[in-house]
Amino acid sequence: MKEITAMSAMKVADKIKKRELSVQEVVEAQLKAIKLREPIYNCYITITEDKAREDAIKVQRRIDNGELKDSPLAGVPVAIKDNICTEGVKTTCASKMLADYVPSYNATVVKRLEDAGAVLIGKVNLDEFAMGGTTKTSYFGETKNPWNIYHTPGGSSGGSSAAVSAEEAFVSLGSDTGGSIRQPAAYCGLVGFKPTYGTVSRYGLIPLASSLDQIGPLSRNISDCVSVLEVISGHDPMDATSVKQERFIYRQALIDDVKNMRIGVPKLYLEEDLDEDIRCCFMEAIKTFEEMGAKVELFDLDEIRYSVQAYYIISCAEACSNLARYDGVRYGYRAGDYEGLDELYKKSRGEGFGYEVKRRIMLGAYVLSSGNYESYYNKAGRIRSIISKAYEEAFNRYDVLFSPESLSTAPQLNEDSSLSKRKHHSEILNVSVNLAGLPAVSIPCGRDKNGLPIGLQIISKKFGERSIIQAAYAFEKTKPYERPQALL
Ligand code: GLN
């Protein structure tokens, strides 16, 4: 039999359903793989070994009682990004500030996964407070890319991508504020889905920028991804931005048909400083879609040109206000010795936050200060509206838009980021999607000359998940999942 941990989430769920495997067996296999590989990849901040064992017994009992018949994830071990609250389990945001924080409640997504019988196996690494694209700013050290350990797994959800790729989890949850699900998925050869803003509850997600953040799955194929989406999405009264809409059966969109699908490719995305191998793979993917009957067209979407600037102004402003709560009084780290309240604030924040977090708080405070607010924050807001409108117009003509997910494949971990060219900042390809609240996926579409994975991004209009899934599913049929060769 194929190694348990190498199976897809759907396969293992099916075997559990048919009693060919028990939940305990699956959880033990998963823990064994984690023990074997964790010393190399460092995906996890916390491994919930005891809880996973206890939960395995409980879930098996629920299955035996016939309770979980309709759940696609019953008995499947999942990893959760460590900025998503888990009751009784440390949730650190990869920061010294929250290194000992144990939430007293579950995020809605965690509750929904557990209700569906998924088994939490651990909390995975990220850039501190999800700021970054490499995991290098994590207080708990960087994560390695299972395709090549000298390269980053991407970020900020780098633990989420490496864990699924290294078969240390079947599926995982990440969060995407400006590409943090899609980019690590691309760097590790996975599917990473950022849903429409408001589709998945943010209750219990420690915020980076509340108007941009969205939780979503990372998986080895689109069917696994869709199963997780189905479980975690839907209205939640605990999140004021959660959208009231009928529950969508995402599985119904797994249709191998893109005939007459209208695909738009924004020219700007191809004019950027793209790696040649990525350009080739992207063009090949387009050809595949054309062969399958889709209609592909290049078009102008120049409005997104200033999306990165607008993104940084808005996200830093929101981060600055969200992170004001860490004052050494109520949450997290408190400095050891201080005199008076002012010094308590200064020292706790000064010692608890890392460099990148401080940099963004400063930028946020600057653009929000009187005098600057008008010229920066308001202006960024206006750019945001222009971008949203431009996308809306594009979706009158196209069902989906395609772009490469990143300008380069995973950079080396030791690369000095101050020297790294704009090339490695693929944010131009990602952040406009968050600014407009759109759904987008990254799916594997080939590898570069060094064997590193390349991602194809598919974007749709708000609540257009169905078209994305359909396109991804049809493409996956032509390009089945590839496992990292270097994996032990
Ligand atoms: N690279 C982006 C940033 O650093 C992504 C952040 C995210 O999506 N969490 O802001």
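Note: hydrogens, waters and symmetry copies are ignored here, and every other heavy atom, side chains too, is used. We count residues from 1, following the sequence as given. When a ligand or atom number is given, it counts from 1 through the structure's own listing order.
- For ligand 1, none of its N or O atoms has an N or O atom of Gly133 under 3.5 Å away.
- Closest to atom 4 (O) of ligand 1 among all protein heavy atoms lies Arg360 NH2, 2.7 Å.
- From Leu429, atom CG reaches atom CG of Leu407 across 4.5 Å, with rounding to the nearest 0.5 Å.
- Screening Glu465, Gln245, Gln214 for a side chain to side chain donor-acceptor pair (under 3.5 Å) with Thr196, the sole residue that qualifies is Glu465.
- At the top of the distance list for atom 6 (C) of ligand 1, counting protein heavy atoms only, stands Ser180 OG, 3.1 Å.
- Proximity of a side-chain donor or acceptor of Thr86 to a complementary backbone N or O of Pro103 within less than 3.5 Å is not detected.
- A salt bridge links Arg483 with Glu167; the closest basic N to acidic carboxylate O contact falls under 4.0 Å.
- Without hydrogens or angle criteria, Lys461 side chain to Phe395 main chain gives no donor-acceptor distance under 3.5 Å.
- Set against the non-hydrogen atoms of Leu208, the atoms of ligand 1 under 4.0 Å away are 9 (N).
- Less than 4.0 angstrom separates some heavy atom of Ser156 from each of these atoms of ligand 1: 9 (N).
- Considering backbone and side-chain N/O atoms, Gly132 comes within less than 3.5 Å of an N/O atom of ligand 1.
- Checked by atom type and distance alone, the side chain of Asp82 never pairs as donor or acceptor with a backbone atom of Ala94 at under 3.5 Å.
- Near Gly179, the atoms of ligand 1 lying under 4.0 angstrom from a non-hydrogen atom of the residue are 8 (O).
- Here is the list of ligand 1 atoms found below 4.0 Å of a heavy atom in Ala130: 6 (C), 7 (C), 9 (N).
- Geometrically, Lys96 engages Tyr333 in a cation-pi contact, judged by NZ or CZ lying under 6.0 Å from the ring centre and within 45° of the ring axis.
- The shortest N/O to N/O separation between Thr177 and ligand 1 falls below 3.5 Å.
- Per-residue contacts place Gly178 under 4.0 angstrom from the following atoms of ligand 1 (heavy atoms of the residue considered): 5 (C), 7 (C), 8 (O).
- Looking at Thr108 and Asp239, their side chains never come closer than 4.5 Å, going by heavy atoms from C-beta outward.
- With hydrogens and angles disregarded, no donor-acceptor distance shorter than 3.5 Å links the side chain of Gln457 to the backbone of Asn430.
- Polar contact with ligand 1: absent for Asp176 (N/O pair, distance under 3.5 Å).
- For the residues Tyr311, Tyr312, Phe129, the heavy atom positioned nearest atom 10 (O) of ligand 1 is part of Tyr311.
- Of the polar atoms of Met131, none of the N or O atoms is found under 3.5 Å from an N or O of ligand 1, judged by distance alone.
- Ser348 places a side-chain N or O within donor-acceptor distance of the main-chain N or O of Ala335, the cut-off being under 3.5 Å.
- Annotation: Lys81 places no N or O atom under 3.5 Å from an N or O atom of ligand 1; distance criterion only.
- Looking from atom 1 (N) of ligand 1 to the surrounding protein, the closest heavy atom is Glu427 OE2, 2.8 Å.
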